[in-house]
Amino acid sequence: MGSSSDRLFKRQRTIHEILGGGLAADVILWRQKNVTVGILLVTLAAWVVFERSGYTLLSLVSSVLLLLIAILFLWAKAAAILNRPAPPLPELHLSEEMVNEVAALIRTRVNDFLSVSQDMALGKNSRLFFRVALYLWLISFVGGLTDFLTLGYTSLVIVLTLPALYERYEDHIDKYAILGYRKLRQLYVKIDKEFVSKVRKWILEKQKLS
């Protein structure tokens with residue numbers, strides 16, 4: 001591993017550290033291969049089911065819940081008739097403390113969102129406004145090219161492949177990326193010297209004459 005000056009963006013930390021260094025980082029970087037492959041296969045199967053069967057997320061969830069409830073209902077009735085134990089269901093209960101914590105968290109997030117939205121609407125944060133506008137335009141543009149389900153699956157595949165490939169070939173990628181960045185800087189300096197500076201000088205001369 002080279003020095004920080006040889007790394008992209010002169011970063012000091014490894015990719016694993018940047019991703020948090022926990023289980024999520026292990027899964028993304030294929031250090032938990034069984035989990036990563038399992039996630040990819042399950043999401044691929046879900047994508048195929050939605051794309052080929054014509055199901056929507058709502059209709060699929062409703063069908064699965066309906067089947068589950070029907071099985072539990074028939075199981076419970078048969079158990080009562082045959083004097084067998086009822087279905088082993090855990091106790092479903094939300095404590096008041098848990099509800100209050102979730103409500104407080106949601107209220108805080110919503111208030112932060114409303115505060116930021118108000119600042120943008122009143123023109124108090126122009127940089128954030130243009131950044132959000134750019135993100136929304138990109139989402140709208142990409143959404144026009146594909147559907148949400150395909151976009152979600154493609155994004156997951158990218159997240160589970162590109163970081164791992166980058167970590168594996170990090171030295172080579174950083175080397176060529178830094179080389180390309182230096183070439184672009186040289187090209188920018190050349191264009192600025194030969195064209196932009198001349199145009200700027202011509203504009204200043206016109207302003208003086210006027």
Side-chain angles (χ1 to χ4, degrees), residues 13-117 132 135-136 138-140 142-170:
R13 298 184 297 169
T14 63
I15 298 299
H16 190 264
E17 292 172 343
I18 292 175
L19 294 175
L23 178 60
D26 292 339
V27 172
I28 293 173
L29 297 177
W30 288 71
R31 298 185 183 183
Q32 299 282 345
K33 292 184 179 180
N34 293 336
V35 178
T36 307
V37 172
I39 292 174
L40 288 174
L41 291 178
V42 169
T43 52
L44 176 60
W47 180 78
V48 171
V49 167
F50 282 117
E51 287 292 320
R52 302 303 179 188
S53 66
Y55 273 107
T56 62
L57 180 60
L58 181 60
S59 62
L60 181 63
V61 171
S62 299
S63 299
V64 172
L65 289 176
L66 177 60
L67 178 61
L68 179 61
I69 291 175
I71 292 174
L72 292 175
F73 177 81
L74 294 175
W75 186 351
K77 288 298 184 181
I81 295 174
L82 300 175
N83 292 323
R84 305 292 294 178
L89 291 177
E91 182 180 358
L92 303 177
H93 175 72
L94 289 177
S95 64
E96 183 177 355
E97 181 181 358
M98 183 183 301
V99 173
N100 290 335
E101 290 179 358
V102 173
L105 179 62
I106 294 176
R107 181 178 63 84
T108 301
R109 300 303 182 188
V110 170
N111 285 336
D112 292 340
F113 173 76
L114 293 176
S115 177
V116 171
S117 300
V132 172
Y135 290 156
L136 292 177
L138 287 175
I139 293 173
S140 176
V142 174
L145 299 177
T146 183
D147 59 279
F148 179 77
L149 185 64
T150 302
L151 177 62
Y153 176 70
T154 304
S155 301
L156 179 64
V157 172
I158 291 174
V159 169
L160 293 179
T161 53
L162 289 187
L165 289 174
Y166 176 74
E167 185 187 45
R168 183 172 183 179
Y169 303 104
E170 181 177 354

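These figures come from a predicted structure and were not determined experimentally.
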Give the intermediate values and the outcome of side-chain contact (heavy atoms from CB on, under 4.5 Å) for residues Trp47 and Leu44. CA-CA 5 Å; Trp47 180 78; Leu44 176 60; 4.2 Å; yes
What distance separates [X] [atom1] from [Y] [atom2], expressed to the nearest 0.5 Å?
| X | Y | atom1 | atom2 | result |
| --- | --- | --- | --- | --- |
| Ile18 | Glu167 | CD1 | CD | 10.5 Å |
| Ile69 | Leu74 | CD1 | CG | 12.0 Å |
| Leu29 | Leu165 | CG | CG | 10.5 Å |

Check your understanding: Within the distance-only criterion (no hydrogens, no angle test), does the side chain of Thr108 pair as donor or acceptor with the backbone N or O of Ala104 below 3.5 angstrom?
Key -> yes
Backbone N or O of Asn111 within a donor-acceptor pair of the Ser115 side chain at under 3.5 Å? no
Those residues at least two apart in sequence (or on a different chain) that pass side-chain contact (heavy atoms from CB on, under 4.5 Å) with Ala25 are His16, Leu19
Sorted by chain and residue number, the side-chain contact (heavy atoms from CB on, under 4.5 Å) partners of Phe73 (sequence neighbours excluded) come out as Lys77
Step through the shown structure and confirm whether more than 12 heavy atoms of other residues, nucleotides or ligands are within 6.0 Å of CG on Asn34. no
More than 12 heavy atoms from other groups under 6.0 Å of CZ on Arg168: no
Closest heavy-atom pair and its distance - [X], [Y]:
| X | Y | value |
| --- | --- | --- |
| Leu156 | Thr43 | CD2-CG2, 3.2 Å |
| Trp75 | Pro85 | NE1-O, 4.1 Å |
| Val157 | Thr161 | O-OG1, 2.6 Å |
| Ile15 | Tyr166 | CD1-CE2, 3.2 Å |

*Within-4.5 Å side-chain heavy-atom neighbours: Val27 and Leu160*: yes
